[in-house]
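Since the structure comes first, as structure tokens, the remarks are kept for the end.
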Protein chains: 2
Amino acid sequence: MSTEDRIQKQKDLVEKIGRHFDREGFQPIAGRIIGLLMVMDKEQYTFDEITEELHISKSSASNVLRNLEIREMIEYITIPGDRKKYYRLRQQNAFELIDEFERKSKFVTELLQEVICLKADKNSTNAQLFANVIDILEFYHENLKVLREKYIKS
Amino acid sequence: MSTEDRIQKQKDLVEKIGRHFDREGFQPIAGRIIGLLMVMDKEQYTFDEITEELHISKSSASNVLRNLEIREMIEYITIPGDRKKYYRLRQQNAFELIDEFERKSKFVTELLQEVICLKADKNSTNAQLFANVIDILEFYHENLKVLREKYIKS
DNA sequence: TATTTAGTTTATAACTTTATAAACTAAATG
DNA sequence: CATTTAGTTTATAAAGTTATAAACTAAATA
């Protein structure tokens with residue numbers, strides 16, 4: 001594959017990653033910025049390079065970059081005697097996706113427990129279904145702890 | 001707890017579950033309908049009961065109910081000689097949350113593989129981080145299969 | 001001290017989503 | 001066959017989101 005082809009594919013992948021983060025609740029421009037910083041060979045972009053590369057206004061860039069920084073998705077470094085900000089992806093916890101699952105799983109478990117707790121008939125169709133889901137989620141919760149330890153040791 | 005208190009708490013929980021599904025990308029009314037069908041003692045509601053209980057217009061109810069049905073979140077039954085539709089929660093696969101994690105995990109793994117594949121320098125900071133994430137996700141993928149078998153047997 | 005550079009802030013335009021009212025349809029009842 | 005019931009469809013109002021232009025600020029250079 002020629003370098004040009006490769007770079008074109010990288011740019012396509014930036015859009016694809018943008019759409020992924022879009023679905024995760026980020027704004028479109030935020031997704032594309034994350035994509036850019038993830039995919040391209042240059043892993044550190046200045047403010048101006050980002051606006052040029054993604055064809056977005058300075059104000060969009062400014063607002064979205066600030067937002068991504070607050071969310072701890074990206075960070076910037078500055079160099080003494082240089083007014084530019086150099087943006088790059090923040091080193092994420094590699095277990096992020098697992099942790100996210102665990103948080104959601106915990107939240108859903110608690111909701112379902114509350115639902116059952118408030119049912120007049122604890123043997124209703126839904127109460128039984130929810131008890132089943134809670135049982136599964138608690139089983140996974142226990143075992144995921146073990147799995148993580150196993151992974152870290154290996 | 002008095003029955004009245006309990007019912008008030010159920011109604012509050014309907015709203016809370018509504019917000020949860022909102023965050024999952026459902027429209028607010030859709031979330032509240034799911035909440036209603038999950039939480040209340042009556043686990044089967046007619047169209048009119050839903051519009052009255054949630055104070056929503058007939059057209060909102062009609063559109064959202066149709067949408068939830070297409071998404072296979074709810075279903076309705078009809079009774080011969082009765083024009084009403086009786087809506088209820090669809091019996092979900094109890095492993096839904098696990099499956100959802102698996103789907104997302106697979107998608108992210110493939111994206112990251114594509115990212116690394118297109119990098120000029122496979123040892124760049126990001127390439128290394130992503131390789132690490134892929135390794136973790138593949139480890140979990142393998143082990144989650146085993147976990148499910150273990151759960152089903154028990 | 002005037003000008004340029006690097007971004008930030010604010011007001012608003014453009015678009016998308018959500019919810020409704022009102023008109024409509026189709027089946028059942030009087 | 002006229003009316004009521006149960007919901008659907010359509011047009012639109014209301015609200016929320018996203019992106020921009022233009023005015024602004026603060027630091028660095030000329």
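In the text below, chain A, chain B and the rest are named by the order of the sequence lines, each starting its count at 1. Bear in mind that the values here come from a model prediction, so they are computed numbers and not experimental data.
- The CG atom of B/Asp82 sits 11 Å away from the C1' atom of D/dT5 (whole-angstrom rounding).
- Side-chain atoms of A/Asp12 and A/Gln8 include a donor-acceptor pair closer than 3.5 Å.
- Taking every side-chain heavy atom of B/Ser62 into account, D/dT8 is the closest of C/dA6, D/dG7, D/dT8.
- Atom CD1 of B/Ile56 and atom P of D/dA14 are 20 Å apart (whole Å).
- Note: B/Phe95 and B/Tyr151 have perpendicular aromatic rings, judged against thresholds of 30 and 60 degrees for the angle between ring planes.
- Under 3.5 Å, the side chain of A/Ser59 and the base of D/dA21 form at least one donor-acceptor pair of N or O atoms.
- In terms of heavy-atom proximity, A/Gly35 sits nearest to A/Ile17 at CA-CG2, 3.6 Å.
- Cluster membership for B/Phe107 and B/Phe130, using ILVMFWY side-chain heavy atoms within less than 4.5 angstrom, is shared.
- Residue-to-nucleotide proximity on DNA chain D shows that, of B/Tyr87 and A/Ser57, the 5′-proximal contact is made by B/Tyr87.
- For the pair B/Lys58 and D/dG7, the criterion of a side-chain N or O lying under 4.0 Å from OP1 or OP2 is not met.
- For A/Asn63, the listed nucleotide lying nearest its side chain is C/dT10; candidates were C/dG7, D/dA28, C/dT10.
- With rounding to whole Å, B/Tyr76 atom OH is found 15 Å from D/dA6 atom P.
- Regarding A/Phe47, its CZ atom lies at a distance of 12 Å from the C1' atom of C/dT9, rounded to whole Å.
- Residue B/Lys84 is the one, among B/Lys84 and A/Arg32, whose nearest nucleotide of DNA chain D lies closer to the 5' end (criterion: closest heavy atom).
- For C/dA28, the base has no donor-acceptor partner in the side chain of B/Arg83 [N/O atoms by modelled type, under 3.5 angstrom].
- Pairing for D/dA23 is with C/dT8, a Watson-Crick or G-U wobble pair whose two hydrogen-bonding atom distances lie under 3.5 Å.
- Here B/Gln27 reaches the OP1 or OP2 of C/dA19: one of its side-chain N or O atoms lies under 4.0 Å away.
- Aromatic ring centres of A/Tyr87 and A/Tyr45: separated by at least 6.0 Å.
- Atoms CD1 (B/Ile29) and P (C/dT17) sit 16 Å apart, rounded to a whole Å.
- Applying the 4.0 Å criterion to OP1 and OP2 of C/dT8, one finds that A/Lys85 has a side-chain N or O inside that range.
- We find that CD of B/Glu52 is positioned 13 Å from P of D/dT5, with the value rounded to whole Å.
- At whole-Å resolution of the value, CZ in B/Arg66 and P in D/dT10 are 11 Å apart.
- Here C/dT5 presents its P atom at 15 Å from OH of A/Tyr86, a figure rounded to the nearest Å.
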